[in-house]
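To start, the structure itself, in structure tokens.
By convention in this document, chain letters (A, B, ...) are assigned in the order of the sequence lines, proteins followed by strands, and residues within each chain are numbered from 1. Please read these numbers as outputs of a predicted model, since none were measured by experiment.
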There are 2 protein chains.
Amino acid sequence: MNNRIQELRTKRGWSQADLATRLDVSRQTVNALERGRYDPSLPLAFRIASLFELSIEDIFRP
Amino acid sequence: MNNRIQELRTKRGWSQADLATRLDVSRQTVNALERGRYDPSLPLAFRIASLFELSIEDIFRP
DNA sequence: ATCTTATGTAAAGGACACTTTACACGAGGT
DNA sequence: ACCTCGTGTAAAGTGTCCTTTACATAAGAT
């Protein structure tokens, strides 16, 4: 599952650690998501979409 | 996380086993999702949304 | 040259997502 | 009485999600 997390994060000038804090996950989790090591849980996907004010479908594509 | 899976399934006259087949998961997984025992993975959430022709946000709410 | 910041990665562990097999129960049809 | 169908649940196993701790490296600032 492809995602635009890195693009959306850097567009805002945030580090992975910044984003991790805002999502209430570890920095390693943000790194793993950006590098495609695994997909987020559904609740985390909702937090990501809400933070970036986009729909889940706009950020992730199957 | 709340979801409308049972409502959408019964509206179509499908059994849990019918839905499981269409989603390519076990019947127990459908039952667990409907009963709120756990949330689907993100890929499965996409398959559910696609099957019902709705957005993930229309089916699940945090 | 040293320090800091950002990123990538590893290992070990806990919790969750999903499987298969199996059993129980109620409702309806014959 | 029996059979089938739909649903609920349990136990054991596998893999994924996410954690903490820890180390490595590159780039930039001083």
Side-chain angles (χ1 to χ4, degrees):
Chain A
M1 172 132 353
N2 204 355
N3 74 68
R4 294 171 50 210
I5 296 177
Q6 181 171 18
E7 169 202 343
L8 296 166
R9 170 180 66 80
T10 56
K11 193 157 48 177
R12 283 159 179 75
W14 295 343
S15 69
Q16 291 182 348
D18 290 335
L19 177 55
T21 300
R22 287 171 211 264
L23 292 174
D24 195 31
V25 294
S26 69
R27 177 180 68 84
Q28 285 77 354
T29 293
V30 169
N31 186 274
L33 295 176
E34 287 192 355
R35 314 213 83 241
R37 303 220 316 119
Y38 48 73
D39 299 318
S41 65
L42 188 56
L44 178 52
F46 266 93
R47 298 209 299 280
I48 294 168
S50 162
L51 177 62
F52 290 123
E53 295 181 302
L54 290 170
S55 71
I56 290 179
E57 285 84 352
D58 281 337
I59 301 177
F60 301 92
R61 35 177 163 162
Chain B
M1 172 127 2
N2 203 357
N3 74 68
R4 294 171 50 210
I5 297 177
Q6 180 171 18
E7 168 203 344
L8 296 165
R9 171 180 65 81
T10 57
K11 193 156 49 175
R12 283 160 179 75
W14 295 342
S15 68
Q16 291 182 347
D18 289 336
L19 178 55
T21 299
R22 286 171 211 266
L23 292 173
D24 196 29
V25 294
S26 70
R27 177 180 68 84
Q28 285 79 353
T29 293
V30 169
N31 186 274
L33 295 175
E34 286 192 356
R35 313 213 85 240
R37 303 222 315 118
Y38 50 73
D39 299 318
S41 67
L42 188 56
L44 179 52
F46 266 95
R47 298 208 299 279
I48 294 168
S50 164
L51 178 61
F52 290 122
E53 295 181 303
L54 290 170
S55 71
I56 290 179
E57 285 84 352
D58 282 336
I59 301 179
F60 302 90
R61 34 175 161 172

Position toward the 5' end of DNA chain D (nearest nucleotide), B/Gln6 or B/Ser41: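 The residue whose closest nucleotide sits nearer the 5' end is B/Gln6.
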Exercise: do B/Thr21 and B/Asp18 side chains pair donor with acceptor under 3.5 Å: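 Distance-only check fails for B/Thr21 and B/Asp18.
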Just by distance, no angles: are the side chains of A/Asp58 and A/Ser55 close enough, under 3.5 Å, to form a donor-acceptor pair?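 Side chains of A/Asp58 and A/Ser55: pair found under 3.5 Å.
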Side chain to side chain contact (heavy atoms under 4.5 Å, CB included) between A/Met1 and A/Arg61: does it pass, once the steps are laid out? CA-CA 6 Å; A/Met1 172 132 353; A/Arg61 35 177 163 162; over 6 Å; no
Within the structure shown, what part of the strands sits under 4.0 Å from A/Ser26 by heavy-atom distance: base, sugar-phosphate, or nothing?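 Counting heavy atoms under 4.0 Å across all strands, the contact made by A/Ser26 includes a base.
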Sugar-phosphate, base or nothing in reach of B/Thr29, heavy atoms under 4.0 Å: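 The answer is base, as B/Thr29 lies within the cut-off (heavy atoms under 4.0 Å) of a base atom.
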Is there side-chain contact between [X] and [Y], with at least one heavy-atom pair below 4.5 Å?
X: B/Val25; Y: B/Leu33; value: no
X: A/Phe52; Y: A/Leu19; value: yes
X: A/Arg47; Y: A/Leu51; value: no
X: B/Arg4; Y: B/Lys11; value: yes
X: B/Phe60; Y: B/Asp39; value: no

For B/Glu57 versus A/Phe46, what's the shortest heavy-atom pair and its separation?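 Heavy atoms only, the tightest pair is CG-CE2, 4.0 Å.
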Minimum heavy-atom distance between B/Ala49 and B/Ile59, given as atom pair plus value: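 Closest pair (atom of B/Ala49, atom of B/Ile59, distance): CA-CD1, 3.6 Å.
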Nearest-Å distance, CG (A/Leu42) to C1' (C/dC16)?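 Roughly 13 Å, once rounded to whole Å.
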Check the pair B/Ile56, A/Leu42 against side chain to side chain contact (heavy atoms under 4.5 Å, CB included), reporting the backbone distance first and the verdict last. CA-CA 10 Å; B/Ile56 290 179; A/Leu42 188 56; 4.1 Å; yes
Hey, which of these two, B/Gln28 or B/Leu44, hits DNA chain C nearer its 5' end, going by closest nucleotide?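 Nearer the 5' end of the strand: B/Leu44.
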From the 5' end of DNA chain D to its 3' end, which nucleotides mark the outer limits of contact with chain A, defined by a 4.0 Å heavy-atom distance cut-off (strictly under)?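 Contact span on the strand: D/dC17 to D/dA22.
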Any residue in residues 31-40 of chain A with a heavy atom nearer than 4.0 angstrom to DNA chain D? Just list them by number, or reply none.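 Of all residues in residues 31-40 of chain A, the ones placing a heavy atom under 4.0 Å from DNA chain D are A/Tyr38, A/Asp39, A/Pro40.
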Sub-4.0 Å heavy-atom contacts from residues 11-24 of chain B onto DNA chain D, ordered by number: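 The stretch gives B/Ser15, B/Gln16 as the residues lying under 4.0 Å from the strand, ordered by number.
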